[in-house]
Amino acid sequence: MSSSESTLAAIIRLLEPFNEKGVDISENTTFANDLELDSLSVMDFVAEMEDHFDIMIPLNILPELETVGQVVEAVDNIAEESRG
Amino acid sequence: MADLFDKFAGMIELRDTLAFEKANPYQICMDEVYSPTEAKINGKRTLLAGTNNYLGLTFDERCIKAAHDALDEFGTGTTGSRVLNGTYGAHRELEDAIADLYGTEHAMVFSTGFLANLGMIAGLTGKDDIIMIDADSHASIYDACALSDATITRFRHNDAADLDKRLGRINGGRNVLVVVEGLYSMLGDKAPLADIIAACKKHDAYLLVDEAHSFGPYGPQGQGIAAELGMVDQVDFIVGTFSKSVGTVGGYCVSSHPEFDILRLASRAFMFSASLPPSVVASATAAVRIMQSERTQQEALWRNAQQLHCGLAEMGFNLGADCSPVIAVVIEDRDAAVRSWEQLMDMGIYVNLALPPATPQNVNLLRCSLSAAHTPEQIDQILEAFDTVAKSNSIHRN
Ligand SMILES: Cc1ncc(COP(=O)(O)O)c(C=O)c1O
(Lines give C-alpha, C1' and ligand atoms only; values in the text may rest on other atoms or scores of the structure.)
Protein backbone atom coordinates (compact mmCIF):
# COMPACT_ATOMS: atom_id res chain seq x y z
CA MET A 1 0.00 0.00 0.00
CA SER A 2 1.36 3.44 -0.91
CA SER A 3 1.55 6.08 1.80
CA SER A 4 -1.51 7.90 0.56
CA GLU A 5 -3.53 4.67 0.35
CA SER A 6 -2.75 3.80 3.95
CA THR A 7 -3.47 7.41 5.00
CA LEU A 8 -6.84 7.19 3.24
CA ALA A 9 -7.66 3.90 4.94
CA ALA A 10 -6.77 5.34 8.36
CA ILE A 11 -8.80 8.50 7.78
CA ILE A 12 -11.83 6.49 6.71
CA ARG A 13 -11.53 4.51 9.95
CA LEU A 14 -11.21 7.72 12.01
CA LEU A 15 -14.26 9.14 10.27
CA GLU A 16 -16.49 6.22 11.17
CA PRO A 17 -17.81 7.63 14.48
CA PHE A 18 -18.67 10.90 12.70
CA ASN A 19 -20.40 9.22 9.76
CA GLU A 20 -23.88 9.28 11.23
CA LYS A 21 -25.64 8.95 7.91
CA GLY A 22 -23.57 5.92 6.92
CA VAL A 23 -22.17 7.56 3.78
CA ASP A 24 -19.89 5.45 1.60
CA ILE A 25 -16.62 7.33 2.07
CA SER A 26 -14.18 7.87 -0.79
CA GLU A 27 -11.62 10.50 -1.71
CA ASN A 28 -14.38 12.60 -3.23
CA THR A 29 -16.59 12.67 -0.15
CA THR A 30 -17.08 16.21 1.16
CA PHE A 31 -17.22 17.08 4.87
CA ALA A 32 -19.81 19.81 4.70
CA ASN A 33 -22.28 18.39 2.17
CA ASP A 34 -21.90 14.60 2.27
CA LEU A 35 -20.99 14.06 5.92
CA GLU A 36 -22.62 17.23 7.27
CA LEU A 37 -20.00 17.61 10.01
CA ASP A 38 -20.72 20.52 12.35
CA SER A 39 -17.91 22.62 13.76
CA LEU A 40 -17.69 20.60 16.98
CA SER A 41 -17.32 17.34 15.06
CA VAL A 42 -14.69 18.91 12.84
CA MET A 43 -12.73 19.85 15.97
CA ASP A 44 -12.93 16.29 17.32
CA PHE A 45 -12.05 14.73 13.99
CA VAL A 46 -9.01 17.00 13.55
CA ALA A 47 -7.84 16.13 17.08
CA GLU A 48 -8.26 12.40 16.30
CA MET A 49 -6.17 12.73 13.15
CA GLU A 50 -3.49 14.73 14.97
CA ASP A 51 -3.23 12.01 17.60
CA HIS A 52 -3.28 9.14 15.12
CA PHE A 53 -0.61 10.58 12.83
CA ASP A 54 1.27 12.39 15.62
CA ILE A 55 1.21 15.68 13.70
CA MET A 56 -0.17 19.21 14.10
CA ILE A 57 -2.91 20.23 11.66
CA PRO A 58 -3.21 24.03 11.75
CA LEU A 59 -6.68 25.54 11.93
CA ASN A 60 -5.55 27.92 9.18
CA ILE A 61 -5.66 25.24 6.49
CA LEU A 62 -9.06 23.76 7.37
CA PRO A 63 -11.17 26.07 5.19
CA GLU A 64 -9.39 24.77 2.10
CA LEU A 65 -9.92 21.11 2.92
CA GLU A 66 -13.31 20.25 1.49
CA THR A 67 -12.90 16.61 0.51
CA VAL A 68 -11.44 13.50 2.13
CA GLY A 69 -8.85 13.35 -0.65
CA GLN A 70 -7.63 16.87 0.14
CA VAL A 71 -7.24 15.91 3.80
CA VAL A 72 -5.23 12.81 2.83
CA GLU A 73 -2.89 14.99 0.80
CA ALA A 74 -2.54 17.59 3.56
CA VAL A 75 -1.86 14.94 6.22
CA ASP A 76 0.82 13.30 4.03
CA ASN A 77 2.46 16.68 3.40
CA ILE A 78 2.51 17.62 7.07
CA ALA A 79 3.82 14.20 8.09
CA GLU A 80 6.55 14.49 5.44
CA GLU A 81 7.56 17.96 6.66
CA SER A 82 7.67 17.02 10.32
CA ARG A 83 9.91 14.03 9.49
CA GLY A 84 11.89 16.75 7.78
CA MET B 1 -28.85 37.23 -8.37
CA ALA B 2 -27.21 35.80 -5.29
CA ASP B 3 -27.92 37.58 -2.03
CA LEU B 4 -25.15 38.35 0.48
CA PHE B 5 -27.53 37.11 3.13
CA ASP B 6 -28.00 33.65 1.57
CA LYS B 7 -25.31 32.31 3.88
CA PHE B 8 -27.58 33.02 6.85
CA ALA B 9 -30.42 30.81 5.59
CA GLY B 10 -29.67 28.11 8.17
CA MET B 11 -29.50 30.61 11.02
CA ILE B 12 -32.69 32.31 9.95
CA GLU B 13 -34.44 28.96 9.88
CA LEU B 14 -33.11 28.10 13.34
CA ARG B 15 -34.27 31.47 14.71
CA ASP B 16 -37.71 31.06 13.22
CA THR B 17 -38.20 27.53 14.50
CA LEU B 18 -37.74 28.69 18.08
CA ALA B 19 -41.36 29.51 18.71
CA PHE B 20 -41.26 32.03 21.52
CA GLU B 21 -44.71 32.94 22.71
CA LYS B 22 -44.32 35.09 25.80
CA ALA B 23 -40.80 36.49 25.61
CA ASN B 24 -37.89 36.43 23.21
CA PRO B 25 -34.33 36.06 24.57
CA TYR B 26 -32.95 37.94 21.60
CA GLN B 27 -35.19 40.93 22.22
CA ILE B 28 -34.63 41.60 25.89
CA CYS B 29 -34.81 45.29 26.62
CA MET B 30 -34.37 46.82 30.05
CA ASP B 31 -36.71 49.80 30.32
CA GLU B 32 -35.59 50.71 33.81
CA VAL B 33 -32.82 49.36 36.04
CA TYR B 34 -33.57 49.58 39.76
CA SER B 35 -30.44 47.97 41.20
CA PRO B 36 -27.76 45.39 40.28
CA THR B 37 -30.41 42.69 40.75
CA GLU B 38 -33.68 44.21 39.52
CA ALA B 39 -34.91 45.82 36.33
CA LYS B 40 -38.09 46.42 34.39
CA ILE B 41 -38.19 44.13 31.36
CA ASN B 42 -41.19 44.13 29.01
CA GLY B 43 -43.03 46.25 31.53
CA LYS B 44 -42.47 43.77 34.36
CA ARG B 45 -40.29 44.03 37.47
CA THR B 46 -37.73 41.27 36.99
CA LEU B 47 -35.09 39.65 39.18
CA LEU B 48 -31.77 39.62 37.30
CA ALA B 49 -29.89 36.32 37.58
CA GLY B 50 -27.86 36.41 34.38
CA THR B 51 -26.01 39.71 34.08
CA ASN B 52 -22.40 38.83 35.09
CA ASN B 53 -22.59 41.64 37.64
CA TYR B 54 -20.56 39.51 40.04
CA LEU B 55 -19.61 42.09 42.65
CA GLY B 56 -22.80 44.12 42.26
CA LEU B 57 -20.87 47.39 41.88
CA THR B 58 -22.95 48.99 39.10
CA PHE B 59 -24.78 51.19 41.60
CA ASP B 60 -22.00 51.60 44.15
CA GLU B 61 -22.10 55.21 45.32
CA ARG B 62 -18.34 55.64 45.16
CA CYS B 63 -18.16 54.40 41.56
CA ILE B 64 -21.07 56.59 40.51
CA LYS B 65 -19.59 59.67 42.22
CA ALA B 66 -16.20 59.10 40.59
CA ALA B 67 -17.91 58.85 37.18
CA HIS B 68 -19.98 61.99 37.80
CA ASP B 69 -16.93 64.00 38.87
CA ALA B 70 -14.92 62.88 35.83
CA LEU B 71 -17.82 63.72 33.54
CA ASP B 72 -18.01 67.23 34.95
CA GLU B 73 -14.28 67.75 34.89
CA PHE B 74 -13.22 66.09 31.63
CA GLY B 75 -16.34 65.90 29.50
CA THR B 76 -18.17 63.04 27.83
CA GLY B 77 -15.40 61.48 25.76
CA THR B 78 -11.80 61.65 24.63
CA THR B 79 -12.48 61.77 20.87
CA GLY B 80 -9.21 60.02 20.16
CA SER B 81 -7.19 56.85 20.44
CA ARG B 82 -4.59 56.23 23.12
CA VAL B 83 -1.68 57.01 20.78
CA LEU B 84 -3.08 60.35 19.68
CA ASN B 85 -5.12 62.58 21.99
CA GLY B 86 -6.91 59.84 23.95
CA THR B 87 -4.59 59.34 26.92
CA TYR B 88 -5.63 61.36 29.97
CA GLY B 89 -4.06 61.24 33.39
CA ALA B 90 -6.95 59.02 34.43
CA HIS B 91 -6.02 56.31 31.90
CA ARG B 92 -2.50 56.21 33.33
CA GLU B 93 -3.92 56.11 36.84
CA LEU B 94 -6.15 53.14 35.96
CA GLU B 95 -3.21 51.31 34.40
CA ASP B 96 -1.18 51.94 37.54
CA ALA B 97 -4.03 50.68 39.71
CA ILE B 98 -4.30 47.45 37.69
CA ALA B 99 -0.53 46.86 37.67
CA ASP B 100 -0.52 47.47 41.43
CA LEU B 101 -3.39 45.01 41.94
CA TYR B 102 -1.41 42.26 40.18
CA GLY B 103 2.07 43.29 41.24
CA THR B 104 3.20 43.33 37.59
CA GLU B 105 5.51 45.79 35.88
CA HIS B 106 3.03 46.79 33.20
CA ALA B 107 -0.65 47.20 32.48
CA MET B 108 -2.37 48.33 29.32
CA VAL B 109 -6.02 49.38 29.12
CA PHE B 110 -8.12 48.68 26.02
CA SER B 111 -11.61 49.91 25.14
CA THR B 112 -13.22 46.47 25.67
CA GLY B 113 -12.18 42.99 26.75
CA PHE B 114 -12.85 41.80 23.21
CA LEU B 115 -10.36 44.37 21.90
CA ALA B 116 -7.85 43.42 24.60
CA ASN B 117 -7.81 39.85 23.24
CA LEU B 118 -7.57 41.04 19.65
CA GLY B 119 -4.85 43.53 20.50
CA MET B 120 -2.79 41.18 22.63
CA ILE B 121 -3.07 37.88 20.77
CA ALA B 122 -2.88 39.26 17.24
CA GLY B 123 -0.43 41.95 18.33
CA LEU B 124 2.00 39.53 19.94
CA THR B 125 2.13 36.88 17.23
CA GLY B 126 3.56 36.82 13.72
CA LYS B 127 3.87 34.33 10.89
CA ASP B 128 6.63 32.25 12.46
CA ASP B 129 4.75 31.80 15.73
CA ILE B 130 2.21 29.25 16.89
CA ILE B 131 -0.93 29.97 18.91
CA MET B 132 -2.40 27.02 20.79
CA ILE B 133 -5.85 27.71 22.26
CA ASP B 134 -8.33 25.78 24.37
CA ALA B 135 -10.99 24.39 22.01
CA ASP B 136 -13.81 26.07 23.98
CA SER B 137 -12.34 29.57 23.77
CA HIS B 138 -14.44 32.73 23.63
CA ALA B 139 -15.26 34.30 20.24
CA SER B 140 -12.79 37.14 20.87
CA ILE B 141 -9.94 34.60 21.16
CA TYR B 142 -10.98 32.83 17.96
CA ASP B 143 -11.26 36.18 16.17
CA ALA B 144 -7.86 37.22 17.47
CA CYS B 145 -6.45 34.05 15.92
CA ALA B 146 -8.15 34.84 12.63
CA LEU B 147 -6.44 38.26 12.67
CA SER B 148 -3.02 36.82 13.44
CA ASP B 149 -0.55 35.60 10.83
CA ALA B 150 0.52 32.79 13.17
CA THR B 151 -0.19 29.08 12.83
CA ILE B 152 -3.31 28.31 14.88
CA THR B 153 -3.97 25.06 16.68
CA ARG B 154 -6.19 23.81 19.49
CA PHE B 155 -6.06 21.43 22.45
CA ARG B 156 -8.93 19.61 24.12
CA HIS B 157 -10.91 21.74 26.55
CA ASN B 158 -9.37 22.00 30.04
CA ASP B 159 -7.09 19.04 29.34
CA ALA B 160 -3.54 19.89 30.47
CA ALA B 161 -2.23 16.45 29.49
CA ASP B 162 -3.54 16.98 25.95
CA LEU B 163 -1.89 20.42 25.89
CA ASP B 164 1.39 18.84 27.03
CA LYS B 165 1.18 16.20 24.30
CA ARG B 166 0.40 18.76 21.58
CA LEU B 167 3.16 21.13 22.70
CA GLY B 168 5.52 18.15 22.54
CA ARG B 169 4.72 17.66 18.82
CA ILE B 170 6.04 21.08 17.87
CA ASN B 171 9.52 21.07 16.44
CA GLY B 172 11.83 23.47 18.27
CA GLY B 173 12.67 27.00 17.27
CA ARG B 174 9.19 28.49 17.10
CA ASN B 175 7.57 30.67 19.74
CA VAL B 176 4.32 29.28 21.08
CA LEU B 177 1.59 31.31 22.78
CA VAL B 178 -0.92 29.20 24.73
CA VAL B 179 -4.27 30.88 25.42
CA VAL B 180 -6.77 29.75 28.07
CA GLU B 181 -9.55 31.32 30.12
CA GLY B 182 -9.71 31.28 33.92
CA LEU B 183 -13.41 30.51 34.33
CA TYR B 184 -15.32 29.40 31.23
CA SER B 185 -18.39 31.54 30.87
CA MET B 186 -20.99 29.10 29.61
CA LEU B 187 -20.69 26.13 31.99
CA GLY B 188 -18.74 27.88 34.76
CA ASP B 189 -15.90 25.35 34.71
CA LYS B 190 -12.46 26.41 35.93
CA ALA B 191 -9.23 25.88 34.01
CA PRO B 192 -6.73 23.48 35.64
CA LEU B 193 -4.31 26.40 35.67
CA ALA B 194 -1.49 24.91 37.75
CA ASP B 195 -1.21 21.97 35.34
CA ILE B 196 -1.49 24.25 32.31
CA ILE B 197 1.32 26.43 33.68
CA ALA B 198 3.44 23.32 34.24
CA ALA B 199 2.90 22.16 30.64
CA CYS B 200 3.83 25.62 29.31
CA LYS B 201 6.99 25.75 31.43
CA LYS B 202 8.01 22.26 30.33
CA HIS B 203 7.81 23.24 26.66
CA ASP B 204 8.98 26.85 27.00
CA ALA B 205 5.65 28.20 25.77
CA TYR B 206 4.22 31.61 26.63
CA LEU B 207 0.89 31.64 28.45
CA LEU B 208 -1.95 34.16 28.21
CA VAL B 209 -4.90 33.73 30.59
CA ASP B 210 -8.17 35.55 29.95
CA GLU B 211 -9.68 36.11 33.40
CA ALA B 212 -12.82 37.85 32.06
CA HIS B 213 -15.22 35.96 34.35
CA SER B 214 -12.77 35.12 37.15
CA PHE B 215 -11.71 38.76 37.69
CA GLY B 216 -13.64 39.69 40.84
CA PRO B 217 -14.82 36.28 42.08
CA TYR B 218 -11.38 34.65 42.51
CA GLY B 219 -8.08 35.64 44.12
CA PRO B 220 -7.31 37.36 47.43
CA GLN B 221 -8.08 40.77 45.89
CA GLY B 222 -10.25 39.58 43.04
CA GLN B 223 -7.37 39.33 40.54
CA GLY B 224 -8.53 35.95 39.25
CA ILE B 225 -7.61 32.29 39.30
CA ALA B 226 -3.86 32.72 38.71
CA ALA B 227 -3.76 34.94 41.82
CA GLU B 228 -5.84 32.48 43.80
CA LEU B 229 -3.12 29.90 43.12
CA GLY B 230 -0.40 32.45 43.93
CA MET B 231 0.91 32.01 40.38
CA VAL B 232 0.51 35.44 38.77
CA ASP B 233 4.27 35.60 38.22
CA GLN B 234 4.14 32.31 36.29
CA VAL B 235 1.71 33.66 33.71
CA ASP B 236 3.16 35.83 30.95
CA PHE B 237 0.00 37.79 30.14
CA ILE B 238 -3.27 38.16 32.03
CA VAL B 239 -6.20 39.71 30.16
CA GLY B 240 -9.45 40.82 31.75
CA THR B 241 -12.51 42.98 31.36
CA PHE B 242 -14.22 45.81 33.24
CA SER B 243 -17.58 44.76 31.80
CA LYS B 244 -18.46 42.18 34.45
CA SER B 245 -17.22 42.51 38.06
CA VAL B 246 -16.05 46.09 37.57
CA GLY B 247 -19.53 47.03 36.33
CA THR B 248 -18.60 49.26 33.41
CA VAL B 249 -16.79 48.59 30.14
CA GLY B 250 -13.16 48.19 29.08
CA GLY B 251 -10.38 45.63 28.98
CA TYR B 252 -6.83 45.28 30.19
CA CYS B 253 -3.68 43.20 29.98
CA VAL B 254 -0.94 42.95 32.63
CA SER B 255 2.55 41.55 32.19
CA SER B 256 6.07 41.91 33.49
CA HIS B 257 7.77 41.31 30.17
CA PRO B 258 10.50 44.01 29.94
CA GLU B 259 9.48 45.05 26.40
CA PHE B 260 5.73 45.00 27.03
CA ASP B 261 5.27 48.71 26.31
CA ILE B 262 6.19 48.30 22.65
CA LEU B 263 2.67 46.89 22.21
CA ARG B 264 1.39 50.44 22.63
CA LEU B 265 2.92 51.05 19.21
CA ALA B 266 2.26 47.63 17.72
CA SER B 267 -1.17 46.54 18.89
CA ARG B 268 -3.70 47.77 16.35
CA ALA B 269 -6.78 47.26 18.55
CA PHE B 270 -5.09 49.55 21.08
CA MET B 271 -3.92 52.14 18.56
CA PHE B 272 -6.84 52.50 16.21
CA SER B 273 -9.91 52.69 18.43
CA ALA B 274 -10.93 55.59 20.66
CA SER B 275 -9.94 55.37 24.32
CA LEU B 276 -12.46 54.91 27.12
CA PRO B 277 -14.40 58.01 28.22
CA PRO B 278 -13.14 59.62 31.44
CA SER B 279 -16.29 58.72 33.40
CA VAL B 280 -15.85 55.04 32.56
CA VAL B 281 -12.18 55.14 33.49
CA ALA B 282 -13.01 56.84 36.79
CA SER B 283 -15.67 54.31 37.82
CA ALA B 284 -13.39 51.43 36.76
CA THR B 285 -10.57 52.81 38.91
CA ALA B 286 -12.92 53.24 41.86
CA ALA B 287 -14.22 49.66 41.46
CA VAL B 288 -10.71 48.21 41.19
CA ARG B 289 -9.73 49.99 44.44
CA ILE B 290 -12.87 48.61 46.13
CA MET B 291 -11.96 45.10 44.96
CA GLN B 292 -8.47 45.55 46.31
CA SER B 293 -9.50 46.77 49.75
CA GLU B 294 -12.84 45.10 50.57
CA ARG B 295 -13.72 41.43 50.97
CA THR B 296 -17.46 41.86 51.64
CA GLN B 297 -18.60 41.69 48.01
CA GLN B 298 -16.57 38.58 47.19
CA GLU B 299 -17.79 36.85 50.36
CA ALA B 300 -21.43 37.69 49.62
CA LEU B 301 -21.02 36.50 46.03
CA TRP B 302 -19.72 33.10 47.14
CA ARG B 303 -22.44 32.71 49.79
CA ASN B 304 -25.01 33.33 47.06
CA ALA B 305 -23.28 30.97 44.62
CA GLN B 306 -23.22 28.22 47.26
CA GLN B 307 -26.88 28.74 48.11
CA LEU B 308 -28.01 28.51 44.48
CA HIS B 309 -25.64 25.70 43.51
CA CYS B 310 -26.49 23.54 46.53
CA GLY B 311 -30.20 24.27 46.17
CA LEU B 312 -30.32 23.31 42.49
CA ALA B 313 -28.14 20.24 43.11
CA GLU B 314 -30.48 19.10 45.91
CA MET B 315 -33.41 19.46 43.53
CA GLY B 316 -31.58 17.06 41.23
CA PHE B 317 -30.77 19.40 38.35
CA ASN B 318 -27.92 18.52 36.02
CA LEU B 319 -25.39 21.33 36.60
CA GLY B 320 -22.57 22.22 34.20
CA ALA B 321 -19.75 22.31 36.73
CA ASP B 322 -18.72 22.56 40.39
CA CYS B 323 -19.89 25.59 42.35
CA SER B 324 -18.87 28.93 40.86
CA PRO B 325 -20.63 32.28 40.33
CA VAL B 326 -21.72 30.89 36.94
CA ILE B 327 -24.30 28.17 37.42
CA ALA B 328 -25.54 26.49 34.27
CA VAL B 329 -28.52 24.14 34.35
CA VAL B 330 -28.24 21.65 31.51
CA ILE B 331 -31.59 20.83 29.89
CA GLU B 332 -31.62 17.84 27.57
CA ASP B 333 -34.49 18.86 25.34
CA ARG B 334 -34.19 22.13 23.43
CA ASP B 335 -37.90 22.91 23.44
CA ALA B 336 -38.13 22.25 27.17
CA ALA B 337 -35.23 24.68 27.67
CA VAL B 338 -36.96 27.32 25.57
CA ARG B 339 -40.31 26.89 27.32
CA SER B 340 -38.66 26.92 30.75
CA TRP B 341 -36.84 30.11 29.92
CA GLU B 342 -40.08 31.78 28.85
CA GLN B 343 -41.83 30.60 31.97
CA LEU B 344 -39.01 31.97 34.16
CA MET B 345 -39.41 35.33 32.41
CA ASP B 346 -43.12 35.14 33.01
CA MET B 347 -42.41 34.58 36.71
CA GLY B 348 -40.15 37.66 36.67
CA ILE B 349 -36.77 35.94 36.63
CA TYR B 350 -34.13 36.65 34.02
CA VAL B 351 -31.47 34.02 33.30
CA ASN B 352 -29.56 33.41 30.04
CA LEU B 353 -30.90 30.93 27.52
CA ALA B 354 -27.88 29.47 25.73
CA LEU B 355 -28.39 27.12 22.81
CA PRO B 356 -26.16 25.36 20.26
CA PRO B 357 -24.06 26.29 18.36
CA ALA B 358 -23.10 28.90 20.98
CA THR B 359 -22.59 26.28 23.70
CA PRO B 360 -19.87 23.69 24.36
CA GLN B 361 -20.83 20.09 23.52
CA ASN B 362 -24.03 21.40 21.93
CA VAL B 363 -25.91 21.49 25.24
CA ASN B 364 -29.00 23.58 26.03
CA LEU B 365 -28.47 25.79 29.05
CA LEU B 366 -30.38 27.94 31.46
CA ARG B 367 -27.36 29.88 32.65
CA CYS B 368 -27.43 31.87 35.88
CA SER B 369 -24.77 34.25 37.09
CA LEU B 370 -24.79 35.39 40.69
CA SER B 371 -24.12 38.79 42.18
CA ALA B 372 -22.88 39.90 45.59
CA ALA B 373 -25.97 42.10 45.59
CA HIS B 374 -28.46 39.20 45.57
CA THR B 375 -30.23 38.62 48.88
CA PRO B 376 -30.82 35.11 50.30
CA GLU B 377 -34.55 35.68 49.68
CA GLN B 378 -33.88 36.40 46.00
CA ILE B 379 -31.90 33.17 45.70
CA ASP B 380 -34.82 31.30 47.29
CA GLN B 381 -37.09 32.90 44.73
CA ILE B 382 -34.84 31.67 41.89
CA LEU B 383 -34.79 28.17 43.38
CA GLU B 384 -38.57 28.01 43.70
CA ALA B 385 -38.98 29.21 40.13
CA PHE B 386 -36.63 26.50 38.82
CA ASP B 387 -38.57 23.88 40.75
CA THR B 388 -41.82 25.11 39.22
CA VAL B 389 -40.57 25.18 35.62
CA ALA B 390 -38.97 21.76 36.00
CA LYS B 391 -42.31 20.32 37.06
CA SER B 392 -44.33 21.95 34.32
CA ASN B 393 -41.86 21.03 31.58
CA SER B 394 -41.09 17.50 32.84
CA ILE B 395 -37.39 18.24 33.06
CA HIS B 396 -35.37 15.19 33.96
CA ARG B 397 -33.90 15.42 37.45
CA ASN B 398 -31.79 12.96 39.42
C1 LIG C 1 -13.75 34.97 28.05
C2 LIG C 1 -14.15 36.33 27.59
N3 LIG C 1 -13.24 37.12 27.02
C4 LIG C 1 -13.56 38.36 26.60
C5 LIG C 1 -14.85 38.85 26.72
C6 LIG C 1 -15.17 40.21 26.16
O7 LIG C 1 -15.21 41.18 27.13
P8 LIG C 1 -15.91 42.59 26.84
O9 LIG C 1 -17.34 42.43 27.17
O10 LIG C 1 -15.20 43.51 27.77
O11 LIG C 1 -15.67 42.94 25.42
C12 LIG C 1 -15.81 38.07 27.36
C13 LIG C 1 -17.16 38.58 27.63
O14 LIG C 1 -18.03 38.75 26.88
C15 LIG C 1 -15.47 36.76 27.77
O16 LIG C 1 -16.38 35.96 28.32
Side-chain angles (χ1 to χ4, degrees), chain A residues 3 6-7 10-11 13-23 29-67 70-84, chain B residues 7 9-11 14 121-122 125-137 139 141-159 161-174 176-179 186 203 205 355-363:
Chain A
S3 137
S6 65
T7 306
I11 285 178
R13 255 196 330 277
L14 293 173
L15 263 176
E16 244 160 54
F18 303 96
N19 186 5
E20 281 174 12
K21 299 196 311 178
V23 175
T29 307
T30 63
F31 294 96
N33 293 332
D34 298 333
L35 292 166
E36 295 182 14
L37 291 199
D38 63 16
S39 58
L40 285 183
S41 309
V42 168
M43 155 70 201
D44 283 340
F45 173 55
V46 168
E48 293 293 336
M49 285 194 296
E50 287 183 322
D51 289 343
H52 180 85
F53 297 106
D54 199 21
I55 54 171
M56 183 175 94
I57 303 174
L59 222 57
N60 319 49
I61 67 167
L62 297 188
E64 272 134 59
L65 305 179
E66 290 177 358
T67 66
Q70 288 167 338
V71 168
V72 170
E73 199 183 322
V75 165
D76 280 340
N77 286 341
I78 294 169
E80 180 87 5
E81 267 171 41
S82 52
R83 271 195 302 273
Chain B
K7 62 172 92 51
M11 269 176 82
L14 178 65
I121 296 168
T125 53
K127 72 172 176 29
D128 297 329
D129 305 322
I130 294 172
I131 308 176
M132 192 172 288
I133 66 173
D134 183 290
D136 284 0
S137 289
I141 294 169
Y142 271 98
D143 282 9
C145 290
L147 274 181
S148 168
D149 293 327
T151 300
I152 316 299
T153 166
R154 298 184 277 200
F155 66 96
R156 292 180 205 267
H157 175 57
N158 271 353
D159 188 338
D162 191 67
L163 171 65
D164 176 37
K165 181 173 71 185
R166 280 161 208 282
L167 286 171
R169 284 196 190 126
I170 295 169
N171 299 328
R174 294 176 76 180
V176 183
L177 177 67
V178 172
V179 181
M186 280 293 140
H203 297 282
L355 300 174
T359 53
Q361 302 140 41
N362 281 334
V363 290

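Quick caveat, the model's predicted, so the values are computed rather than measured. Residue numbering restarts at 1 for every chain, and letters A, B, ... go by the order of the sequence lines.
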Next on the checklist: I'd like to know whether CD of E73(A) has more than 12 heavy-atom contacts from other residues, nucleotides or ligands below 6.0 angstrom.
Outcome noted: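 Open.
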
Next on the checklist: Does atom NZ (K127(B)) have a neighbourhood of more than 12 heavy atoms from anything else shown, all under 6.0 Å?
Outcome noted: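 No, not enclosed.
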
Next on the checklist: For the CD1 atom of I152(B) and the CD1 atom of I61(A), what is their distance to the nearest 0.5 Å?
Outcome noted: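 So the gap between those two atoms works out to 12.5 Å.
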
Item to check | Interface residue of largest heavy-atom contact number with chain B, from I55(A), D38(A), I57(A), under 4.5 Å | outcome: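 Option with the greatest count: I55(A).
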
Checklist entry - So which part of A146(B) gets closer than 4.5 Å to some heavy atom of chain A, the side chain, the backbone, both or neither? => result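 Neither part; nothing is under 4.5 Å.
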
Checklist entry - For I131(B), is it the side chain, the backbone, both, or neither that has a heavy atom closer than 4.5 Å to a heavy atom of chain A? => result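 Neither part; nothing is under 4.5 Å.
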
Checklist entry - Side-chain contact, heavy-atom cut-off 4.5 Å: R169(B) with D51(A)? => result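 They are in side-chain contact.
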
Item to check | Student check: side-chain heavy atoms of M56(A) and L167(B) closer than 4.5 Å | outcome: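 M56(A) vs L167(B): side chains apart.
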
Checklist entry - Okay, side chain of N60(A), backbone of A150(B): is any donor-acceptor separation there less than 3.5 Å? => result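 Yes: the side chain of N60(A) pairs with the backbone of A150(B).
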
Checklist entry - Can you name the nearest heavy-atom pair linking A47(A) to R166(B), along with the distance? => result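 Where A47(A) meets R166(B) most closely, the heavy atoms are O-NH2, 3.6 Å.
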
Checklist entry - Can you name the closest pair of heavy atoms from M43(A) and A135(B) and give their distance? => result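 Closest pair (atom of M43(A), atom of A135(B), distance): CE-CB, 3.4 Å.
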
